[in-house]
Amino acid sequence: MRASRRIALIAALAAVALTIFVAESQIPPFLPIPGVKLGLANIVTLVAMVILNRRDALAILLVRLVLGAAFTGGFSAFLFSVAGGLAAYAVMAALVGLFPEKLLWVVSVFAALAHNAGQMLVAVFVTGTPGIMIYILILAASGVVTGVFTGFAAIFLIRAVRKSGIAGKNQGK
């Protein structure tokens, strides 16, 4: 893939991830449990990791984190987003090559669990209350459900991107 095409794809994916993140932040929670979200923007990170590479996926994630915090919240929201996003990224980066593409939903589940763990560590740090870690059980259950959903969405999007030829013929193989 030519450098200009790759940069354009990175920019487009960053814009999509940011748009999804901002839109999702405006949707009322589907469960009356604080902190439970679908995490739809993570679909883009996983897709980028597969069709581009880990470095480009990290760039897309960092753009989304910084601009997402600027558009939707203050510094504390940024801390939670960075901790969760980087933890999920680290798990995706470690696992994406170990599972076949049809099992990327498994990678997504582990990434969702890491995301929740990263955010809980920030919550303990901010509040100084280790006892809130009991909440991780609720977040873990929601992380499995949302991870499966976002993982299957990523699988379908990767297939669509490959079929369209957007990522080029040799990408993601």
Side-chain angles (χ1 to χ4, degrees), residues 1-27 30 37-116 118-119 122 143 146-173:
M1 178 182 305
R2 288 192 336 249
S4 58
R5 184 179 177 106
R6 191 181 121 267
I7 291 169
L9 183 56
I10 291 168
L13 288 172
V16 168
L18 179 60
T19 302
I20 292 170
F21 179 80
V22 170
E24 188 176 9
S25 73
Q26 301 304 309
I27 299 171
F30 60 94
K37 293 178 19 174
L38 287 174
L40 298 174
N42 293 320
I43 295 168
V44 178
T45 306
L46 187 53
V47 168
M49 199 169 288
V50 172
I51 66 170
L52 292 167
N53 57 50
R54 288 168 175 79
R55 187 186 72 227
D56 293 341
L58 180 60
I60 291 165
L61 173 65
L62 293 175
V63 166
R64 177 186 47 99
L65 291 173
V66 171
L67 294 179
F71 292 143
T72 64
F75 184 69
S76 67
F78 178 70
L79 282 178
F80 283 94
S81 290
V82 167
L86 291 178
Y89 170 84
V91 167
M92 285 181 205
L95 297 180
V96 81
L98 300 178
F99 288 87
E101 190 173 298
K102 66 182 179 182
L103 293 179
L104 282 177
W105 64 270
V106 175
V107 174
S108 182
V109 168
F110 282 117
L113 294 172
H115 189 277
N116 291 337
Q119 289 192 325
V122 169
T146 59
V148 168
F149 176 79
T150 57
F152 277 111
I155 291 167
F156 289 118
L157 185 55
I158 289 164
R159 289 177 183 164
V161 168
R162 284 193 178 136
K163 188 174 182 178
S164 74
I166 291 172
K169 293 179 182 171
N170 297 324
Q171 293 299 312
K173 302 272 182 186

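In this chain, numbering begins with 1 at the start of the sequence shown. Quick caveat, the model's predicted, so the values are computed rather than measured.
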How far apart are the C-alpha atoms of Leu18 and Val63, what are their side-chain angles, what is the distance that settles it, and do they pass the side-chain contact (heavy atoms from CB on, under 4.5 Å) test?
CA-CA 8 Å; Leu18 179 60; Val63 166; 5.9 Å; no
Let me see the working for Ile43 and Ile20 under side-chain contact (heavy atoms from CB on, under 4.5 Å), right down to the final yes or no.
CA-CA 10 Å; Ile43 295 168; Ile20 292 170; 5.9 Å; no
Start with the C-alpha gap between Asn42 and Leu46, add the side-chain angles, then the distance that decides, and say whether side-chain contact (heavy atoms from CB on, under 4.5 Å) holds.
CA-CA 6 Å; Asn42 293 320; Leu46 187 53; over 6 Å; no
Full working for side-chain contact (heavy atoms from CB on, under 4.5 Å) between Val107 and Leu103:
CA-CA 7 Å; Val107 174; Leu103 293 179; over 6 Å; no
Which donor-acceptor pairs under 3.5 Å do side chains of residues 81-100 form with protein atoms, sequence neighbours excluded?
unit_1	atom_1	unit_2	atom_2	d
Ser81	OG	Ala77	O	3.1
Tyr89	OH	Arg54	O	2.8

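Between Phe71 atom CZ and Thr19 atom OG1 the span is 9.0 Å, to the nearest 0.5 Å. Atom-to-atom distance recorded for Lys102:NZ and Ile155:CD1 is 10.5 Å, nearest 0.5 angstrom. The CD1 atom of Ile158 sits 5.0 Å away from atom CD of Glu101, with the distance rounded to the nearest 0.5 Å. With rounding to the nearest 0.5 Å, the separation of CG in Leu65 from CZ in Phe80 is 14.0 Å. Rounded to the nearest 0.5 Å, atoms CZ (Arg64) and CG (Leu13) are 12.5 Å apart. Separating the OG1 atom in Thr150 from the CG atom in Leu38 is a distance of 8.0 Å, to the nearest 0.5 Å.
Counting heavy atoms from C-beta outward, Val50 and Arg162 have side chains that approach closer than 4.5 Å.
Among all heavy-atom pairs drawn from Asn53 and Asp56, the shortest one is OD1-N, 2.7 Å. Among all heavy-atom pairs drawn from Ser25 and Val22, the shortest one is OG-O, 2.6 Å.
Side-chain atoms of Ser108 never come within 3.5 Å of backbone atoms of Leu104 as a donor-acceptor pair (strictly under, hydrogens ignored).
The ring-ring contact (aromatic ring centres under 6.0 Å, His included) test applied to Phe152 returns Trp105, not counting sequence neighbours.
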